[in-house]
Visitor: 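Can you read through this structure? Questions will come right after.
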Amino acid sequence: MMNDTPIRVRIAPSPTGDPHVGTAYIALLNYLFARQRHGRFILRIEDTDRTRFVETSEQMIFESLRWLGLAWDEGPDVGGGYGPYRQSERTELYRAAVLRLQESGKAYRCFCTPERLEAMRKQQAAAKQPPRYDRTCLQLSPAQVSENLARQVPFVVRMAVPQPGETTFRDELRGEIRFDHANVDDQVLLKSDGYPTYHLANVVDDHAMEISDVIRAEEWISSTPKHVLLYQAFGWPAPRFWHMPLLRNPDKSKISKRKNPVSLIYYRQAGFLPAALINFLGLLGGGMPADLEQFNLAEMAEKFQFERISLGGPVFDLEKLRWLNGVYLRALPPETLLGELRENVFGESYLRQIVPLVQERIETLAQAADLADFFFRDEVAPPPEVYLPKKRSKEETLKMSSELLAGLEASDWTHPALEKTLRDLAEQSGWPAKEVFMLFRAILTGKTASPPLLESALVFGKARTLDRLRRFLEREKARK
RNA sequence: GGCGCCAUCGUCUAGCGGCCCAGGACGUCGCCCUCUCAAGGCGAAGAUCGCGGGUUCGAAUCCCGCUGGCGCUACCA
């Protein structure tokens, strides 16, 4: 183990969409850990999944974490002695590493097609066997391998988990955890596109970056034996592992966008103060002394105790966050509050985008406020008379609203994309397009007459629009 | 299904063998303050400490079993 080595921890988000509250939570914990142990806090971008890669995501991650005040000591944008800090720029490292493993027989090429793997899993499921790779390609003779290579059959590289066997590792919060290798699959290490999987990249990078403590979410516990096996295969010392409880939805499932706003962009735009959000996250899991309810980052760095963290997954209680945020807001000098409002609610660039949408529809200046009110409201609550299309039942309308939510969630936030989403929805459901648009209008604006719908949604933003849909659904479902 | 993790008021948590017929906070309810609504003050309801066995003079606290929740079970992280 690495006992006296300097403390180096990392947060490793992947740029696949909006920055997530869960990322903020783990980032906070890593940040605190580094601060109180005089270590370094590193930001590493895990962009090895090219199918889910979102261009704008990385920048949003930077901005959101900075907004929260969680500054990193090393990262893609600030540099450091262990770069590059983007995994897509480190692919040579992974290839070299995997080659070492292959040479020592600890990893092997697998030429199985996705179709075969799927069929295999289906069969295993039918036979009530646990789904795992059947090691067909481990039996391949050298001749067969070179033949496949010569024919350019696409392949992945898998790790050869020693069978039989077992792996034990220590979780700093839970103690020893043991896994029988019968339950550890021959993980894919290198994908057929040449990119590494998380498991490989994370181990190679954590070692290369001299990470001393891996502080990550609990969902990783079951893959930790794979990581430990990898460290052993490379002959590297493993870091300490601290698995943190998973944030939960009100129904206790892992926090998800369908049941909770999870985008940090949303929290920013909806008007939560970073200090309040940080304070709230610090309350979850209970690492702070029990008699303290309100504290800032500096106080947390001073008093937070990792050993105190309670292991049950905390529900992310929006109600309590709102209350806390209110406490912070009320404590602000009015001058500061004004500044916050100017910046976040009545922001210059926001107003600039809204003005042209209302200009054509006003006779007096004061009417602009009436027309644009929904841009500034936290919630609009249209009654059924407003949102229910004539001759549609409530059930039917709510179902369409759910589909609308799902569709918009998956949609890019551009005019053509939104338009296509709505029209496709109309076509699939048999609803006239105008009814779909009107329903969306009612939910977004609370009214049947509004500035241009798509333009309005564009300006209002994806995170908040989706939230409005979600809250609408929640409210109406609760009402019947 | 298999494997793993977890388990105190609706929610976040305090408690780490006697101070607990379990404390605080959010939420809920009531009262006060008050032109309204908030905020604030005061108070109330709310947990047989998931269940069953042990260990012990004594268990929310230790052990075992059960149950339940959650996670993982991808060429996603």
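Every heavy atom of this structure was used, including side-chain atoms; hydrogens, water molecules and symmetry mates were not. Throughout, a chain's letter reflects where its sequence line sits, starting with A, and its residues are numbered from 1. Given the structure is predicted, the values throughout are model-derived calculations rather than measurements.
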Visitor: If you measure from the C1' atom in B:U8 to the same atom in B:U48, how many Å do you get, rounded?
Guide: 13 Å

Visitor: Using the ring of A:Y108 (Phe, Tyr or Trp, six-membered ring only), decide whether A:R135 places NZ or CZ under 6.0 Å from its centre and within 45 degrees of its axis.
Guide: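 Pair A:R135/A:Y108 does not count as cation-pi.
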
Visitor: Does B:U11 pair with anything, Watson-Crick or G-U wobble, both distances under 3.5 Å, and if so, with which nucleotide?
Guide: B:A25

Visitor: Respond yes when some side-chain nitrogen or oxygen of A:R322 is under 4.0 Å from OP1 or OP2 of B:U11, and no when none is.
Guide: no

Visitor: If each of A:I177 and A:E293 is mapped to the nucleotide of RNA chain B with the nearest heavy atom, which maps nearer the 5' terminus, i.e. the 5' end?
Guide: A:I177

Visitor: If pairing requires Watson-Crick or G-U wobble contacts with both distances under 3.5 Å, which nucleotide is the partner of B:C31?
Guide: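 Here B:C31 is engaged in a pair, and the nucleotide opposite it is B:G41.
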
Visitor: Which nucleotide wins on minimum distance to the side chain of A:N183, given the candidates B:G2, B:A39, B:U13?
Guide: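 Minimum distance to the A:N183 side chain belongs to B:G2.
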
Visitor: Which nucleotide in the list B:A77, B:C12, B:U11 gets nearest to the side chain of A:P314?
Guide: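 Between B:A77, B:C12, B:U11, the one nearest the side chain of A:P314 would be B:C12.
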
Visitor: With a 3.5 angstrom cut-off on both distances, give the Watson-Crick or G-U wobble partner of B:G18, or none if there isn't one.
Guide: B:C57

Visitor: Report, as yes or no, whether the 6.0 Å neighbourhood of atom CD on A:Q124 holds more than 12 heavy atoms from other residues, nucleotides or ligands.
Guide: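 More than 12 heavy atoms, drawn from other residues, nucleotides or ligands, come within 6.0 Å of this atom.
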
Visitor: Quick check on B:G68: is either OP1 or OP2 less than 4.0 Å from any side-chain nitrogen or oxygen of A:K252?
Guide: no

Visitor: Check the orientation of A:F280 and A:F316. Use parallel for under 30°, tilted for 30 to 60°, and perpendicular for over 60°.
Guide: perpendicular

Visitor: Now, which nucleotide makes the Watson-Crick or G-U wobble pair with B:A47, with each of the two distances under 3.5 Å?
Guide: none

Visitor: What distance separates A:D213 CG from A:E172 CD, expressed to the nearest 0.5 Å?
Guide: 7.0 Å

Visitor: Report the nucleotide, chosen from B:C3, B:C75, B:A39, that has the shortest atom-to-atom distance to any side-chain atom of A:F179.
Guide: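 Of B:C3, B:C75, B:A39, B:C3 is nearest to the side chain of A:F179.
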
Visitor: What is the distance from CH2 of A:W220 to P of B:A74, rounded to the nearest Å?
Guide: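 Spelled out: CH2 on A:W220 to P on B:A74 is 13 Å.
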
Visitor: Pick base, sugar-phosphate or nothing for A:R174, based on heavy-atom distances below 4.0 Å to the nucleic acid.
Guide: sugar-phosphate

Visitor: I'd like the P distance from B:G2 over to B:C66, given in whole Å.
Guide: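 Their P atoms lie roughly 12 Å apart.
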
Visitor: Can you tell me the pairing partner of B:G69 across any strand shown, Watson-Crick or G-U wobble, with both distances under 3.5 angstrom?
Guide: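 Matched B:G69 with B:C5 under the 3.5 Å cut-off.
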
Visitor: If you measure from the P atom in B:G68 to the same atom in B:G50, how many Å do you get, rounded?
Guide: 16 Å

Visitor: Tell me, yes or no, whether the heavy-atom count around A:R170 atom CZ, taken from other residues, nucleotides or ligands under 6.0 Å, exceeds 12.
Guide: yes

Visitor: Quick one: is A:R158 getting a side-chain N or O under 4.0 Å of the B:C75 phosphate, OP1 or OP2?
Guide: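 Affirmative; the distance criterion is met.
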
Visitor: When the P atoms of B:C49 and B:A60 are considered, how many whole Å apart are they?
Guide: 7 Å

Visitor: Distance check: side-chain N/O of A:R52 vs OP1/OP2 of B:A77, anything under 4.0 Å?
Guide: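 Checking B:A77 against A:R52, no side-chain N or O comes under 4.0 Å of OP1 or OP2.
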
Visitor: Taking only side-chain nitrogens and oxygens of A:R308, does any of them come within less than 4.0 Å of OP1 or OP2 of B:G15?
Guide: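 For B:G15, OP1/OP2 do have a side-chain N/O of A:R308 under 4.0 Å.
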
Visitor: Specify the residue among A:K320 and A:V315 whose closest nucleotide of RNA chain B lies further upstream toward the 5′ end.
Guide: A:V315

Visitor: Quickly work out the A:H199 NE2 to B:A77 C1' distance and round it to whole Å.
Guide: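 It works out to 8 Å between those atoms.
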
Visitor: With sugar-phosphate meaning primed atoms plus P, OP1 and OP2, does A:S310 contact a base, only sugar-phosphate, or nothing at under 4.0 Å between heavy atoms?
Guide: sugar-phosphate

Visitor: Say you pick atom C1' in B:G30 and the same atom in B:A77; how far apart are they, in whole Å?
Guide: 50 Å

Visitor: Could you tell me the separation between the CH2 atom of A:W220 and the NE2 atom of A:H199, rounded to the nearest 0.5 Å?
Guide: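 Reported to 0.5 Å precision, the distance equals 6.0 Å.
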
Visitor: Can you tell me, in whole Å, how much space there is between the C1' of B:C20 and that of B:U61?
Guide: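 That atom pair is separated by 11 Å.
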
Visitor: Closest approach to the side chain of A:Y198, judged atom by atom: which nucleotide of B:C5, B:A77, B:A14 is it?
Guide: B:A77

Visitor: Rounding to a whole Å, what distance do you find between A:L189:CG and B:A77:P?
Guide: 12 Å

Visitor: On a whole-Å scale, what distance lies between the P atoms belonging to B:U11 and B:A47?
Guide: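 The answer is 12 Å between these two P atoms.
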
Visitor: Would you please classify the geometry between the A:F41 ring and the A:Y31 ring as parallel, tilted or perpendicular, with 30° and 60° separating the classes?
Guide: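 A:Y31 and A:F41: perpendicular rings.
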
Visitor: Contact class for A:P114 vs. all strands (heavy atom < 4.0 Å): base, sugar-phosphate, or nothing?
Guide: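 Base contact.
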
Visitor: Name the closest nucleotide to the A:E319 side chain, picking from B:A14, B:C26, B:C12.
Guide: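 Nearest listed nucleotide: B:C26.
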
Visitor: Is the phosphate of B:A77, meaning OP1 or OP2, less than 4.0 Å from a side-chain N or O of A:T48?
Guide: yes

Visitor: To the side chain of A:S253, which of B:G71, B:G27, B:C75 is closest?
Guide: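 The answer is B:G71, which lies nearest to the side chain.
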
Visitor: Would you classify A:P131 as touching base, sugar-phosphate or nothing, given that sugar-phosphate means primed atoms plus P, OP1 and OP2, and contacts are heavy atoms under 4.0 Å?
Guide: base

Visitor: Could you check whether A:G326 gets within reach of a base, just the sugar-phosphate, or nothing at all, counting any heavy atom under 4.0 Å?
Guide: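 Nothing, no nucleic acid heavy atom in range.
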
Visitor: Distance check needed: B:G27 C1' versus A:F316 CZ, whole Å only.
Guide: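 It works out to 16 Å between those atoms.
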
Visitor: Across the strands shown, which category fits A:Y195 at heavy-atom distances under 4.0 angstrom: base, sugar-phosphate, nothing?
Guide: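 Touches nothing.
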
Visitor: Nearest whole angstrom, please: distance from the C1' of B:C75 to the OH of A:Y94.
Guide: 16 Å

Visitor: Within this structure, what is the CG-to-P distance between A:L246 and B:A7, rounded to whole angstrom?
Guide: 14 Å

Visitor: Evaluate the ring planes of A:F234 and A:W236, with Trp represented by its six-membered ring, and classify them as parallel (under 30°), tilted (30 to 60°) or perpendicular (over 60°).
Guide: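 The rings of A:F234 and A:W236 lie parallel, inter-plane angle below 30°.
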
Visitor: Rounding to the closest angstrom, what is the interatomic distance between B:G46 and B:G23 at atom C1'?
Guide: 14 Å

Visitor: In whole angstrom, what separates A:I26's CD1 from B:G71's C1'?
Guide: 14 Å

Visitor: Under 6.0 Å between ring centres: does that hold for A:H227 and A:Y198?
Guide: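 Yes; A:Y198 has its ring centre under 6.0 Å from that of A:H227.
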
Visitor: What is the distance from OH of A:Y133 to C1' of B:A74, rounded to the nearest Å?
Guide: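 Going from A:Y133 (OH) to B:A74 (C1'), I get 15 Å.
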
Visitor: Looking at the base of B:C75, is there any donor atom on it, or on the side chain of A:S192, that sits under 3.5 Å from an acceptor on the other one?
Guide: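 Indeed, a donor on one side and an acceptor on the other fall under 3.5 Å apart.
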
